[in-house]
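This report concerns only the one structure given below.
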Amino acid sequence: MRKQIAAANWKMNLTYQQGEKLLNEILESGIELRPDQNVIFAVPFPYLIMAASAVAEEQGYEISAQNCNDKSSGAYTGEVSAEMIHTIGIKYCIVGHSERREYHLESNRILADKLNLCLQNFITPIFCCGEALVIREKNEQNQFVQQQMEESLFHLDKEQVKKIMIAYEPVWAIGTGKTASTAQAQEMHSHLRSLLAEKYGKDVAEEISILYGGSVKASNAAELFASPDVDGGLVGGASLSAQEFIQIIKALKQ
Ligand code: PEP
């Protein structure tokens with residue numbers, strides 16, 4: 001089922017105690033989610049078990065890892081595998097965040113391997129794509145994200161692709177305070193959905209949640225989420241404030 005999603009990406013922020021407090025403040029606000037809504041917290045690895053236990057009784061609240069390795073196991077000191085994430089009961093993992101692509105040189109090919117490992121381990125990948133400013137300035141964003149999709153995703157079959165989520169995150173809007181306009185977001189989301197429809201059929205494309213990420217905040221979330229192909233958001237900075245993120249959850253499409 002295509003879901004409306006508010007996903008928090010804490011990145012490398014908050015102490016354990018601050019993270020626990022933030023989660024509790026959000027959960028205590030008592031927002032009840034409909035069956036077609038999810039709130040997902042992508043927390044640092046050492047907080048996954050604490051966070052999973054905090055949301056265990058809460059309908060629709062889920063926990064995600066922020067990354068996994070592209071190998072299944074082995075001599076990769078400091079790395080965390082999809083299987084490890086699965087075996088502690090986590091069902092989501094961000095794959096291909098632009099910060100991973102930029103600082104850890106993750107290529108589309110590596111991300112294809114990560115997607116495979118997530119799916120093999122019953123983890124829903126939240127696959128991030130999006131163009132840098134230089135690409136947008138040349139108006140080549142559609143071809144650019146198409147290549148990201150083709151090289152990382154399009155080897156999946158219909159049943160596999162139905163299990164993923166996509167986050168369109170224009171790099172120029174991440175952590176910059178600049179947000180894509182509602183029209184820019186809708187245009188790209190509709191492009192992504194049409195690429196999925198061409199490859200897998202309209203019925204499959206209609207089932208996949210496509211989130212927008214890039215300086216989403218309480219003040220712009222409702223407008224962004226109102227677009228027909230925007231199924232919620234992946235939120236960095238604003239997810240570190242309980243009050244901001246609560247408003248973002250409330251802005252999900254009704
Ligand atoms: C992100 O980290 O995925 C993100 C979109 O960050 P921000 O909301 O801070 O732009």
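Start at 1 and go down the list; that is how both ligands and their atoms are numbered. Quantities reported herein were computed from a predicted structural model and do not represent experimental measurements.
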(Q) Can you list everything that forms a ring pair (Phe, Tyr, Trp, His ring centres under 6.0 Å) with Tyr92? Sequence neighbours excluded, please. (A) none
(Q) Holding to side-chain contact (heavy atoms from CB on, under 4.5 Å), I want the full list of residues that pass it with Gln160, two or more places apart in sequence or in another chain. (A) Leu119, Leu156, Asp157
Q | For Lys202, side-chain contact (heavy atoms from CB on, under 4.5 Å) partners two or more places apart | A | Glu206
Q: Please confirm whether Tyr47 and Phe41 have ring centers closer than 6.0 angstrom.
A: no
Q) Are the side chains of Cys128 and Ile94 in touch, meaning some heavy atoms are under 4.5 Å apart? A) yes
(Q) In the structure I gave you, are the side-chain heavy atoms of Arg101 and Leu111 within less than 4.5 Å of one another anywhere? (A) yes
Q: Could you name the protein residues that come within less than 4.0 Å of ligand 1, counting only heavy atoms, and order them by chain and residue number?
A: Asn9, Lys11, His97, Glu169, Ala173, Ile174, Gly175, Gly213, Gly214, Ser215, Leu234, Val235, Gly236, Gly237
